[in-house]
Amino acid sequence: TPITNSIFNGEEVINTYYGYAVSTQLYEFNEEGTVSLIEDITTFDEKLTYFYTNCTENKLSEYENKKKERTDLFVYNEQTNKYEELDYLNNSELVGKYLLFYSEVRDYCITNYLNAYLNNIDGYKEALIVINRILYTNILMCSVFGLIIIYLLIPLLNKEGKTPGKMMFKLKICLIKFSIL
């Protein structure tokens, strides 16, 4: 989730970023209005099929092979020429197996295909650049303010003008004059 503020139209950038993530159908808007991973078991197959068809250069056969390997969850239907789910509505053990299977496939898609797909979209790349700009600007500002506090403000407030390191190690600056006879 990007961390942004009102600089550079932050809300608009977040909506763009989320919009592209949701368009893959691996993510969805939740009740709070933020984006979360798909978790609905009834739509997993449909959304993963959409992702494999539209976002992975049509590697749907990879998904079908994963289904083919799981004979305990899917059965081949010769009429539709597809692997279909077993009836899991009345079997809580099967529901757990389906959730695990679909979560693994979803995570595999995110790990192996999602970034490559999203990085081909110009709007996503622009949003990511703005988010990174905001992030790096915030890091730079925090670093500068932190250094100002440590090396200017604390010594000014301290009677002896010591920095925190000098106070911690009880160091003193001594001037030594050398004279050559």
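From a predicted model like this one, the values you see are computed outputs, not experimental measurements. The analysis underlying the following values was restricted to heavy atoms, covering all of them including side chains, and did not include hydrogens, waters or symmetry mates.
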Is any side-chain heavy atom of [X] less than 4.5 Å from a side-chain heavy atom of [Y]?
| X | Y | answer |
| --- | --- | --- |
| L114 | F51 | yes |
| V105 | F101 | yes |
| E28 | V35 | no |
| K66 | E62 | yes |

Honestly curious: do [X] and [Y] fall in one hydrophobic cluster under the side-chain, below-4.5 Å linking rule?
| X | Y | answer |
| --- | --- | --- |
| Y50 | F29 | no |
| Y124 | I129 | no |
| L94 | L100 | no |
| L99 | L48 | yes |
| M168 | I149 | no |

Q | Of L37, I38, T34, the residue whose pairing with Y27 passes side-chain contact (heavy atoms from CB on, under 4.5 Å) | A |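 Running side-chain contact (heavy atoms from CB on, under 4.5 Å) over L37, I38, T34 with Y27 returns exactly one hit, L37.
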Q) How about K125: does its NZ atom have over 12 heavy atoms from other parts shown lying under 6.0 Å from it? A)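 Yes.
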Q: Kindly check if the number of other-residue, nucleotide or ligand heavy atoms within 6.0 Å of CD (E32) is above 12?
A: yes
Treating [X] as the side-chain partner and [Y] as the backbone partner, does any N or O pair qualify as donor plus acceptor under 3.5 Å?
| X | Y | answer |
| --- | --- | --- |
| R106 | L26 | no |
| T56 | K59 | yes |
| T111 | Y108 | no |
| T43 | D40 | yes |
| N120 | A116 | yes |

Q. Would you call the rings of F74 and Y102 parallel, tilted or perpendicular if under 30° counts as parallel and over 60° as perpendicular?
A.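 Perpendicular, since the angle between the ring planes exceeds 60°.
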Q: Give me the ring orientation class for Y52 and Y63: parallel if the planes are under 30° apart, tilted from 30 to 60°, perpendicular past 60°.
A: parallel
Q. So, are K97 and E93 salt-bridged, with charged N and O less than 4.0 Å apart?
A. yes
Measure the [atom1]-[atom2] distance between [X] and [Y] for me, rounded to the nearest 0.5 Å.
| X | Y | atom1 | atom2 | result |
| --- | --- | --- | --- | --- |
| S143 | Y136 | OG | OH | 13.0 Å |
| E84 | L73 | CD | CG | 14.0 Å |
| I110 | S103 | CD1 | OG | 9.5 Å |
| L86 | D72 | CG | CG | 8.0 Å |
| T49 | K82 | OG1 | NZ | 7.0 Å |
| T53 | Q25 | OG1 | CD | 10.0 Å |

Q: Please report the shortest heavy-atom distance between T24 and C55, naming the atom on each side.
A: CA-SG, 4.2 Å
Q. What are the two closest heavy atoms between I41 and V95, and how far apart are they?
A. CD1-O, 3.6 Å
Q.
Apply side chain to side chain contact (heavy atoms under 4.5 Å, CB included) to residues D45 and E85 and explain how you reach the verdict.
A. CA-CA 9 Å; D45 186 52; E85 299 170 335; 3.9 Å; yes
Q.
Between Y117 and N54, does the side chain to side chain contact (heavy atoms under 4.5 Å, CB included) criterion hold? Intermediate values first, please.
A. CA-CA 9 Å; Y117 171 74; N54 298 299; 5.9 Å; no
